[in-house]
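Since the structure comes first, as structure tokens, the remarks are kept for the end.
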Amino acid sequence: LIVSMPIRMEDGSVKVFKGIRVQHNNARGPYKGGIRYHPNVTVEEVTALAMLMTWKCAVADLPYGGAKGGVVCNPKEMTKTELERLTRRYTSMIYELIGPLVDIPAPDVYTDSQTMAWIMDTYSQMKGYQVPEVVTGKPVSLLGSLGRNEATSRGVAISVRETAKHLNKPLKDAKIAIQGFGNVGGYAAQILHEMGAKIVAVSDSKGGIYLPDGLNPYSVMEHKNRAGSVVGFDGAKTISNEELLTLKCDFLIPAALENQITAANAERIQATAIVEGANGPTTPEADKILHERGVLVVPDILANAGGVTVSYLEWVQNLKRETWTLDEVNSKLESKIVSAYSSVVQTARKYEVSLRDGAMLLAVGRVAEAIKLLGIWP
Ligand code: NAD
């Protein structure tokens, strides 16, 4: 669905924004996927991301299909009131498509728990009663789930730990480099540090820092909050993002943007394994080179499925009108990711393919089986 949304701006003018919602597949359950606010949003990109959600939910064995939404806008140049009006108008115009048992949006790039609260309120106002289960990633005070903020990172960290087991390597003192120190990378650094690993390098859009003895991610976070970047952290060497990607380490976690590991740098990657926190950080050409060089790549649809998994747990809590403790949420997340990891490894072994191909075989196989069993109506 593509919609045109006239929005009254702060200066009194009216601007028309383009909104998109793509539903890819619902054979395994309601459509599920985030909403992105970005100037470069296109129907093609949203469609690709909707399909990725179908595979991610199937790999994590969640009872969901895949969808994605987007609005072409630059939220950095808009006021909070303009963003609220835009969000409410978008919700009202995709109202017929979404619903707790139909299609459940969530946050994505430049949307957050406040955006989800506006969607919940608009949908609820139109229904006439409160419907928290129509979106996930809500504020905890509005029936969001504990553990949702760091869920993706916890999933990434569990994937690193499972990979260490798979490679027969101890996680303790394993050297880890993380590209991107935002929501995913920042929390992943803290959780892995708690698990005993050594975070030797991190970076953001302004550059990277390297400390072979290991960084304290909590202090780096404080520094970044103060200084606006990880760069300049006391005692660490400044490195470029390119240097970070090719550092000698045990695990490399790209957690920033897509297309970071390419044919131009894949030959020089020295990590034993790459665990994809970001969506699509490795190009297909680089993937081939890494596979030939024996670098293990844990694909995005497995490694970063922790976010949608806790979204699912939030939805179940909302439907049951329950609130679970952080321990309950984390232990359910843990078992979902461990089980997904093991299914992907088994599939990859069975067909003698990479973990990425194993994950895709598993996901497409599960969706195909559902479609076959549902049959054709009437
Ligand atoms: P974020 O905006 O919080 O953080 C992104 C980080 O990347 C920032 O530290 C930014 O400075 C850094 N960055 C930007 N450009 C960079 C560059 N050229 N080189 C190095 N670092 C750069 O975003 P996020 O929520 O952490 O998401 C990161 C990735 O993870 C995205 O690909 C996103 O789609 C994916 N992802 C996020 C979630 C989630 O729950 N947040 C879930 C699944 C996948």
Side-chain angles (χ1 to χ4, degrees), residues 32-38 40-41 45-46 48-50 52-53 55-57 59-60 62 66 68 70 75-76 105-113 115-116 136-138 144-145 147-157 159 177-191 201-209 217 220-221 223-225 227-231 233 238-247 252-262 265 275-282 298-314 333 337:
K32 183 94 189 85
I35 293 170
R36 172 173 294 205
Y37 287 178
H38 197 276
N40 299 340
V41 162
E45 182 194 53
V46 178
L49 292 167
L52 213 57
M53 284 306 295
W55 309 142
K56 196 179 289 185
C57 292
V59 164
L62 305 174
K68 204 82 180 185
K76 286 187 176 170
D108 192 65
V109 175
Y110 295 147
T111 53
D112 56 17
S113 58
T115 323
M116 298 307 114
T136 58
K138 298 178 294 290
S145 179
R148 174 64 171 73
N149 275 348
E150 62 278 15
T152 305
S153 316
R154 190 166 296 281
V156 169
S159 295
I178 304 179
Q179 185 199 37
F181 203 66
N183 187 27
V184 176
Y187 286 123
Q190 293 177 357
I191 297 167
V202 299
S203 69
D204 56 35
S205 56
K206 303 211 171 93
I209 52 173
V220 177
M221 187 70 89
H223 171 80
K224 185 178 163 89
N225 290 342
S229 168
V230 297
V231 177
F233 181 71
T238 303
I239 56 170
S240 67
N241 261 296
E242 195 57 30
E243 282 171 307
L244 180 138
L245 292 175
T246 53
L247 272 182
L252 171 64
I253 305 178
L257 307 170
E258 57 283 339
N259 300 335
Q260 295 299 297
I261 301 167
T262 65
N265 58 20
V275 178
E276 295 184 335
N279 282 320
T282 313
V298 184
D300 46 9
I301 57 171
L302 169 62
N304 70 28
V308 68
T309 301
V310 175
S311 265
Y312 160 69
L313 299 175
E314 177 178 331
L333 168 64
I337 300 292

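Remember, it's 1-based here, ligands and their atoms both numbered in the order they're listed.
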For residues 179-190, which residue pairs pass the salt bridge (charged side-chain N to carboxylate O under 4.0 Å, His left out) check, not counting sequence neighbours?
none
Quick check on ligand 1: any N or O pairs to the protein under 3.5 Å? One line per pair.
residue	atom	partner	partner atom	Å
ligand 1	3 (O)	N183	N	2.9
ligand 1	9 (O)	F181	N	3.1
ligand 1	9 (O)	G182	N	3.2
ligand 1	11 (O)	S205	N	3.0
ligand 1	19 (N)	N241	ND2	3.1
ligand 1	26 (O)	N183	N	3.2
ligand 1	26 (O)	V184	N	2.8
ligand 1	32 (O)	A256	O	3.4
ligand 1	32 (O)	N279	N	3.1
ligand 1	34 (O)	N279	ND2	3.1
ligand 1	40 (O)	T152	OG1	2.6
ligand 1	41 (N)	N183	ND2	3.3

N241 CG to E243 CD distance, which is reported to the nearest 0.5 Å:
9.5 Å
Relative to each other, are the rings of F233 and H223 parallel, tilted or perpendicular (30° and 60° limits)?
perpendicular
Apply ring-ring contact (aromatic ring centres under 6.0 Å, His included) to Y37 and list each qualifying residue two or more places apart in sequence or on a separate chain.
none
Output all residues satisfying side chain to side chain contact (heavy atoms under 4.5 Å, CB included) with P281, sequence neighbours left out; order by chain, then residue number.
P254, E276, A278, D300
Would you please test K32 and L62 for side chain to side chain contact (heavy atoms under 4.5 Å, CB included) and show each step?
CA-CA 10 Å; K32 183 94 189 85; L62 305 174; over 6 Å; no
